[in-house]
Asks: 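After the structure tokens below, expect a handful of questions from me.
The basis for the numbers below is simple: all heavy atoms, side chains too, and nothing from hydrogens, waters or symmetry mates. Just follow the structure's listing: the first ligand is 1, and inside any ligand the first atom is 1. Owing to the predicted nature of the structure, the values given are computational and were not obtained by experimental measurement.
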Amino acid sequence: MSWIREGELNFIEKITANILKAGPIPKHVAFIMDGNRRFARKKHVERQEGHMQGFNKLAEALRWCLHLNIREVTVYAFSIENFKRSQDEVDGLMELAKQKFVKLLEEQENLEKHGVCIRVLGDLTLLPLDLQQHIAKAVVATKAHNKCFLNVCFAYTSRYEITNAVREMAWGVEQGLIKSSDVSEAMLSECLYSSNSPNPDLLIRTSGEVRLSDFLLWQTSHSCIVFQSVLWPEYSFWNLCDAVLQYQFNYRSIQKARELHREEQARLQLEADRACIAEVLQHHGNGKPADAQRRQEVLLNYTACREERSQDFLKALKHKRNTFLSDLSSQAAMA
Ligand code: FPP
Ligand code: MG
């Protein structure tokens, strides 16, 4: 089974999709694809078969998302916590991922046709080297595509991601690229694995579990969260429509909360910048209070410098990450 499934919706599905599309459609949907093993038990099949059916459902769900004009999808495919499962299950999931990333590379033409960009979010170094290389090849091969985006969280937890982002900023301070006073919520967001994506509008967890299980905790504070009892391999087009409908019912309050958050962020940043220039003015003003015009000039200048430092640091970080992936990808080509 490939990642991209061709195929139209049936008549009733098409009408439903068109009705939904008359309202606001989430630009970015995240899935916690839960319930593969319960599905396997229910159907009396091997656990690995449950995970395989889980992958097939992902390919199907991506097709539904495209029909609904949902252009970005993020999925929780393997949590760092999942390493604690039996060796046999972990090996099975690694093997499944390897097969699928190899398959993905064979489908490059199709991915190009649909403009699908695949990103993998997580600490690849925790994975077997051959899987790291296949993933890197897939990511590098599709990085210029920009019609739709699939973010696969693999060897991922949110706390690990946030801790890593804090370490990256500490590295930036250590390297003299930024000052510790440049650290902000906005900068931390830019250091997350998800920095290339807008926050999800809708997060769906299947299988009846009502926890976030360390998934996108930072990114979903203003997202619509929908818990559905269906097991992931049994997920249907109608389940997705139901979740989108719940997003539409909550659309206004979500937008309002986001707007309030943006305003609060801008206010906090201005306050932080003012606190920094107060020190500058005291240092250069020989104890004399600066007039309003001088304060405004210093503030503008300080903000521009901080912005420039931050952009240079983020460029260096991106370069470090891209180099890691392209080195892995070319190692794979040589192997
Ligand atoms: C949760 O169900 C599912 C997983 C831990 C694995 C999800 C992986 C896939 C769907 C395959 C995706 C692969 C790629 C390469 C994208 P569970 O195992 O927790 O089942 P349970 O909740 O019934 O125990
Ligand atoms: Mg589970």
Asks: Going by the atom numbers of ligand 1, which of them fall below 4.0 Å from some non-hydrogen atom of G54?
Replies: 10 (C)
Asks: Set out, in order, the CA-CA distance, both residues' side-chain angles and the distance that settles ring pair (Phe, Tyr, Trp, His ring centres under 6.0 Å) for Y247 and Y251, then state yes or no.
Replies: CA-CA 6 Å; Y247 168 74; Y251 179 73; 5.8 Å; yes
Asks: Counting from 1, what ligand 1 atoms have a heavy atom of A77 closer than 4.0 Å?
Replies: 6 (C), 7 (C), 8 (C), 16 (C)
Asks: Nearest heavy atom to atom 15 (C) of ligand 1 wins, so pick from A97, A138, C153, G92.
Replies: A97
Asks: Checking contacts here: is it the side chain or the backbone of M94 that comes within 4.0 Å of ligand 1, counting heavy atoms only? Could be both or neither.
Replies: neither
Asks: Assess whether side chain to side chain contact (heavy atoms under 4.5 Å, CB included) is satisfied between T142 and V116, documenting all intermediate values.
Replies: CA-CA 7 Å; T142 65; V116 186; over 6 Å; no
Asks: Answer yes or no: is there a side-chain heavy-atom contact under 4.5 Å between K57 and E60?
Replies: yes
Asks: Going by the order shown, which atoms of ligand 1 are within less than 4.0 Å of some heavy atom of G35?
Replies: 2 (O), 20 (O), 21 (P), 22 (O), 23 (O)
Asks: Flag the pair D201 and R258 as a salt bridge only when some basic side-chain nitrogen lies within less than 4.0 angstrom of an acidic carboxylate oxygen.
Replies: yes
Asks: Can you tell me if D34 has an N, O or S atom under 2.8 Å away from the Mg ion (ligand 2)?
Replies: yes
Asks: Could you say whether the N/O atoms of N36 and ligand 1 ever approach to under 3.5 Å?
Replies: yes
Asks: So for ligand 1, is S207 a polar contact partner (N or O within less than 3.5 Å, distance only)?
Replies: no
Asks: Would you say the side-chain atoms of D91 and Q87 include a donor-acceptor pair closer than 3.5 Å?
Replies: yes
Asks: Out of all atoms in ligand 1, which are within 4.0 Å of some heavy atom of D34? Include the element for each.
Replies: 1 (C), 2 (O), 17 (P), 19 (O), 20 (O), 21 (P), 22 (O)
Asks: Could you tell me whether ligand 1 has any atom less than 4.0 Å away from a heavy atom of R85?
Replies: yes
Asks: Between R38 and E234, is there a salt bridge with N-O shorter than 4.0 Å?
Replies: no
Asks: For atom 20 (O) of ligand 1, which protein heavy atom lies nearest, and how many Å away is it?
Replies: R37 N, 3.0 Å
Asks: If hydrophobic clusters are built by linking Ile, Leu, Val, Met, Phe, Trp and Tyr wherever their side-chain heavy atoms come under 4.5 Å apart, do Y76 and F101 end up in the same one?
Replies: yes
Asks: If you count the atoms of ligand 1 from 1 in the order shown, which ones are under 4.0 Å from a heavy atom of N82?
Replies: 5 (C)
Asks: Give the numbers and elements of all ligand 1 atoms closer than 4.0 Å to a heavy atom of F55.
Replies: 10 (C), 13 (C), 14 (C)
Asks: Do NZ/NE/NH1/NH2 and the carboxylate oxygens of E81 and K84 come within less than 4.0 Å?
Replies: yes
Asks: Can you pull out the closest protein heavy atom to atom 3 (C) of ligand 1? Residue, atom name and distance to 0.1 Å, please.
Replies: M33 O, 3.3 Å
Asks: Between the side chains of K43 and E49, is the shortest nitrogen-to-carboxylate-oxygen separation below 4.0 Å, so that they form an ion pair?
Replies: no
Asks: Rounded to the nearest 0.5 Å, what separation is found between the OG1 atom of T16 and the CD atom of E13?
Replies: 7.5 Å
Asks: Ignoring angles and geometry beyond distance, decide whether Y76 reaches within less than 3.5 Å of ligand 1 through its nitrogen or oxygen atoms.
Replies: no
Asks: Is it the case that ligand 1 has an N or O less than 3.5 angstrom from some N or O of R38?
Replies: yes
